[in-house]
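Let me begin by presenting the structure, written as structure tokens, before commenting on it.
Worth knowing before you read on, the calculation uses all heavy atoms, side chains too, and leaves out hydrogens, waters and symmetry mates. Computed from a prediction, not measured in an experiment: that's the story for all the values here. Sequential numbering from 1 along the given sequence is applied to the chain's residues.
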Amino acid sequence: RPIPSGRLTGREAAAFGWFLLMGGLAYLTFLTGWLPMVVAAASAAAYHWVYTPLKSRSYFATLAGGVPGALPVLIGWTAATGTVDTGGLALFAVAYLWQLPHVLGLAWMLREDYARVGFRLIPPHDDAGRIIGLHMVLATSALVPVSLVPTVLGYTGSWYFGGALLLSLAFLWLAIGAARDLTDKAARSVFFGSLLYHPILLGLMLFDTVRL
């Protein structure tokens, strides 16, 4: 890590970050339009001015951080369609709900490391992981119907619908198992399950896209 090791100062890192952000926003503006640029700017603002400060203050950071994490799919949608509509919002909802068990599983496995640096990415006084387990189950339960919305809207077909249903139910099953007994092994299963879930789901979308 360049900043903790002293190879890079905080000011240098901030300057490089601002350079990348401004360059990226300019790129989006001139090559894709103003709407993707606005969504990208909102994502950066939410990450730096909401999620990052909250990490050392409140568990709400975990829930808030899913917003900038899910906005990139909306950036791509607005770049392709020029609008924010139900299709783009459905993709955003899928990405947001997927992120919660993904991040919570990782946060539980690394809870001691996060505690050492003062990050409150898990609820206080939740030594048994009951709150985290509940949030995993709630997010994956909501993901089951939300993942089917692209077919309901007519963007994907029956192959995607069936695959998304099976994937989401399997993800929910992992979350329920973790909620019953949140060991590091169970949290790792949810985390690695999330790593498989997302690319397979997006692959099904590409495979079974309906031509409009």
Side-chain angles (χ1 to χ4, degrees), residues 1-107 110 114 117-121 139 142-143 146-147 149-150 153 155-156 191 194-195 197-206 209 211-212:
R1 299 264 180 171
I3 297 178
S5 66
R7 290 178 290 138
L8 196 66
T9 67
R11 182 173 296 179
E12 290 170 337
F16 183 61
W18 277 107
F19 171 77
L20 292 178
L21 176 60
M22 294 299 106
L25 294 180
Y27 176 90
L28 288 173
T29 301
F30 291 113
L31 294 183
T32 64
W34 67 270
L35 186 55
M37 181 274 293
V38 170
V39 178
S43 178
Y47 190 95
H48 291 291
W49 293 321
V50 179
Y51 171 60
T52 299
L54 278 175
K55 284 197 291 186
S56 60
R57 293 177 173 85
S58 170
Y59 168 65
F60 183 72
T62 304
L63 305 179
V67 174
L71 281 175
V73 298
L74 200 55
I75 297 171
W77 185 271
T78 54
T81 67
T83 186
V84 176
D85 56 18
T86 52
L89 294 176
L91 287 181
F92 172 82
V94 168
Y96 179 82
L97 292 170
W98 163 80
Q99 275 188 98
L100 293 182
H102 171 79
V103 172
L104 289 173
L106 183 64
L110 301 178
Y114 285 134
V117 297
F119 284 175
R120 301 180 179 181
L121 298 183
L143 189 57
V146 170
S147 67
V149 171
L153 295 176
Y155 291 108
T156 53
F191 177 73
S194 71
L195 294 180
Y197 177 90
H198 206 227
I200 294 175
L201 186 78
L202 295 180
L204 285 170
M205 273 187 201
L206 290 174
T209 300
R211 293 185 179 274
L212 300 177

Contact summary for Ala70 and Gln99, nearest pair of heavy atoms: N-NE2, 3.1 Å
pair Tyr197-Pro101: side-chain heavy atoms closer than 4.5 Å: no
Point-to-point distance, once rounded to the nearest 0.5 Å, from OG1 of Thr78 to CD1 of Ile75: 7.0 Å
By side chain to side chain donor-acceptor pair (under 3.5 Å) - contacts of Arg11 (at least two apart): none
With sequence neighbours excluded, residues passing side chain to side chain donor-acceptor pair (under 3.5 Å) with Ser43: none
Non-hydrogen side-chain atoms of Trp77 and Leu89 separated by less than 4.5 Å: no
Phe16/Leu20 under side-chain contact (heavy atoms from CB on, under 4.5 Å): CA gap, chis, key distance, verdict: CA-CA 6 Å; Phe16 183 61; Leu20 292 178; 3.5 Å; yes
Where Val67 and Phe92 come nearest, the two heavy atoms and their spacing: O-CE1, 3.7 Å
Spatial distance of atom CG (Leu153) from atom CG (Asp85) [nearest 0.5 Å]: 8.5 Å
Beyond-backbone contact of Leu71 with Leu74, side-chain heavy atoms, under 4.5 angstrom: yes
Non-hydrogen side-chain atoms of Arg120 and Thr62 separated by less than 4.5 Å: no
Parallel, tilted or perpendicular: rings of His198 and Trp98 (30°, 60°): parallel
Pair listing, ring-ring contact (aromatic ring centres under 6.0 Å, His included) test, anchored in residues 33-65, at least two apart: Tyr47-Tyr51, Tyr59-His135
Nearest heavy-atom neighbours spanning Leu35 and Thr83: CD2-CA, 3.7 Å
Ser56 to Pro53 - nearest heavy-atom pair and separation: OG-O, 3.4 Å
Minimum-distance pair of heavy atoms, taken over all atoms of Leu97 and Ala139: O-CB, 3.8 Å
Min side-chain heavy-atom separation Leu100-Leu63 under 4.5 Å: yes
Nearest heavy-atom neighbours spanning Ala44 and Leu21: CB-CD1, 3.7 Å
